[in-house]
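Report on the structure given below.
Read the numbers this way: they start at 1 and go in the same order the structure lists the ligands and their atoms.
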Amino acid sequence: MKVAIIGGGISGLSAAFYLKKLSQDHRDDIDITIFEKDAAFGGKIQTVRRDGFVIERGPDSFLKRKPAAMNLVEDLGLSKELIENKTGQSYILKGGDLHLIPPGSVMGVPTSIHAIMETGLLSEEGKARALNDLIIPKLEPFEDISVGAFFAKRFGEELVDHLISPLLSGIYAGDIYKLSLATTLPQFVHAESEQGSLMLGLQGKAPRKRTSQFATLQSGLATLVEELVNALRELGVTLRSEIRVEKIFKLDNGYELGFSNGESAVFDQIIFAIPHHLVEALLPEADFLRRPDAAPNTSVATIAMAFDEKDVKLDREGTGFVSSRLEPKALTACTWTHMKWDHAAPEGKALLRTYVGKAGNDQVIYESDETLVNQTLQEMSDVVSISADPDFAIVSRWPEAMPQYPVGHQAWLNNIKQKLAKEYPHLHLIGASYDGVGLPDCIRQGKQLAQDLLGEAGFHA
Ligand SMILES: Cc1cc2nc3c(=O)[nH]c(=O)nc-3n(C[C@H](O)[C@H](O)[C@H](O)COP(=O)(O)OP(=O)(O)OC[C@H]3O[C@@H](n4cnc5c(N)ncnc54)[C@H](O)[C@@H]3O)c2cc1C
């Protein structure tokens, strides 16, 4: 079986790793080549190690409770490198003030009357409206609606703007009134249908206070990529970088790929591990892949700034904040990284990482580095006092990086997978555009596809 993997991010690398690792006695029967357009593998995983700092340009950690990433770390023999986040209070920035995320809330949804009454994030009317969750009947059965519409119906728009939207924006950075509820937060649908009230349905479901939920690697997430690449070389996978797949032709028995250097090659199986809009561009005749209702991916930028610890005074104890949806700022979040991760900054130093870019205001990422640094420092000045310029700053732009899962996403995905299987057999889609945006979701998709392909080929040991 000759397999081409297009894209050398975590999804493509994981698919290759598990295809080889799980094929056991049939390992030599599987010939895999990964094609990556950039010089380095890893896609959005990029770590800068500088002056004792470990700075992540893209993802900085993964959720522990989704097992695929933890399992991959173990499969690569990297468990001794694992570290967990330090827990601390996080806040929501509204009206220039930091407000506590109500204790006991689940993704911003309060689970007690007390939490609603005590929060400074809602007006008196907003609190009264939120309490209606206890009395309004549950929604009629539905296939899918937007996250915003669902929570606005139960708690009112204020709570959506100031609690739910900011907490979700770090993951989806999109328009909450377009985001699919069934795909992104199905557990809330179940909670509502069990109890009628979401507040009641979610009681006891909040993560235990002060338990770490995330993990990363001591020397940065790039180590995961470096070790994957080493393991793939040992397993006999061909890794090609600085080569872009530009064309794909369907043959009677397989596919021919055309590359940016003029070469071409034929494969039995093609795995697309690239964002969906790039798949659409490579298969212009496959109309069914297009999705007119989907908003374009949102662009974001991260701005990491290194300081002497003594020059940075935070208004409160904690690990950072996210901005309310209505806050008139480019800044969407700030992590006090040195308070969250022991490995990120050397002794006596502080590392702040801010985010800009949201649905409706993502062109801001194309401002100059200097503008972005100054603007985010200015926008934080009410809550973080900084008495010196940063030692250095690293701006990372991520154009069209955050996939948007619109209402009806799951039905669309099922439909295109069926059509692909019929019209383009042996052509597969994995990655953040499809079945979860987090690193564990991407790794899981790569591993699942490997298992499916090995099963079909009768290669299970
Ligand atoms: C700023 C930011 C912060 C994030 N934070 C977190 C976090 O903390 N935790 C978490 O779990 N997730 C986080 N995510 C999400 C996560 O990083 C991504 O969903 C995941 O890395 C996507 O991996 P992928 O392999 O599917 O795609 P990518 O990483 O995008 O890899 C695709 C690869 O394909 C290559 N490519 C594209 N076109 C071609 C072509 N034609 N030919 C050859 N190669 C091609 C690209 O160069 C790229 O290397 C974050 C994302 C961003 C942008």
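Side-chain contact of Tyr18 with Asp75: a donor-acceptor pair under 3.5 Å is present, judged by distance alone. For the 3.5 Å distance criterion, the side chains of Arg353 and Thr376 fail to qualify, holding no donor opposite an acceptor. A donor and an acceptor atom, one from each side chain of Lys358 and Ser169, are nowhere located under 3.5 Å apart. There is no side-chain donor-acceptor pair under 3.5 Å between Asn230 and Glu226. In this model, no donor atom of one side chain and acceptor atom of the other lie less than 3.5 Å apart for Thr223 and Glu81. Of the N and O atoms on the side chains of Ser260 and Glu246, not one donor lies less than 3.5 Å from an acceptor on the other residue. With no hydrogens or angles considered, a side-chain donor-acceptor pair links Asp452 and Gln448 at under 3.5 Å. A donor-acceptor contact closer than 3.5 angstrom is absent between the side chains of His276 and Arg291.
Here the protein heavy atom with the shortest distance to atom 21 (O) of ligand 1 is Leu439 CD2, 3.5 Å. Protein heavy atom at the shortest distance from atom 47 (O) of ligand 1 is Glu36 OE2, 2.7 Å. For atom 31 (O) of ligand 1, the closest non-hydrogen atom on the protein side is Gly9 CA, 3.5 Å. Here the heavy atom of the protein found nearest to atom 29 (O) of ligand 1 is Lys44 N, 2.9 Å. Closest to atom 44 (N) of ligand 1 among all protein heavy atoms lies Lys37 N, 3.1 Å. For atom 36 (N) of ligand 1, the closest heavy atom belonging to the protein is Ile274 CG2, 3.6 Å. With respect to atom 26 (O) of ligand 1, the closest heavy atom belonging to the protein is Ser11 OG, 2.7 Å. Ranking protein heavy atoms by distance to atom 13 (C) of ligand 1, first place goes to Pro59 CB, 3.5 Å.
Short contacts between ligand 1 and Ala432, defined as distances under 4.0 Å to a heavy atom of the residue, involve ligand atoms 19 (O), 26 (O). Set against the non-hydrogen atoms of Asp60, the atoms of ligand 1 under 4.0 Å away are 7 (C), 8 (O). Under a 4.0 Å criterion applied to the non-hydrogen atoms of Ala273, ligand 1 contributes the atoms 32 (C). Heavy-atom proximity to Gly431, at under 4.0 Å, picks out these atoms of ligand 1: 26 (O). For ligand 1, the atoms lying closer than 4.0 Å to a non-hydrogen atom of Gly43 are 29 (O), 31 (O), 48 (C), 49 (O). Residue-ligand proximity, Met402 to ligand 1, at heavy-atom distances under 4.0 Å covers atoms 52 (C), 53 (C). Counting the atoms of ligand 1 from 1 in the order shown, those under 4.0 Å from a heavy atom of Asp38 are 47 (O).
Phe151 and Phe188 have their aromatic ring centers within a separation under 6.0 angstrom. Between Phe35 and Phe259, the distance from one ring center to the other falls under 6.0 angstrom.
Proximity of Ser433 to ligand 1, defined as any heavy-atom pair under 4.0 Å, is not found for any part of the residue. Counting heavy atoms under 4.0 Å from ligand 1, residue Trp398 touches it through the side chain alone. Of all the heavy atoms of Leu278, the ones lying under 4.0 Å from any atom of ligand 1 belong exclusively to the side chain.
Residue-environment remark: CG (Asp31) exceeds the threshold of 12 foreign heavy atoms within 6.0 Å. Within 6.0 Å of NZ in Lys20 there are more than 12 heavy atoms belonging to other residues, nucleotides or ligands.
Remark: distances from the non-hydrogen atoms of Ile243 to ligand 1 include one below 4.0 Å. By the 4.0 Å heavy-atom criterion, Glu246 is excluded from the residues contacting ligand 1.
Note: an N/O pair closer than 3.5 Å links Ile10 and ligand 1 by distance alone.
Atom CZ of residue Phe17 and atom CG of residue Leu235 lie 6.5 Å apart, to the nearest 0.5 angstrom.
Residue nearest to atom 16 (C) of ligand 1, selected from Leu221, Val437, Ile171, Ile5: Val437 (by heavy-atom distance). For atom 7 (C) of ligand 1, the nearest non-hydrogen atom from the set Ser260, Ser61, Cys442 belongs to Ser61.
Side-chain contact between Gln269 and His428: present, with at least one pair of heavy atoms (C-beta onward) separated by less than 4.5 Å.
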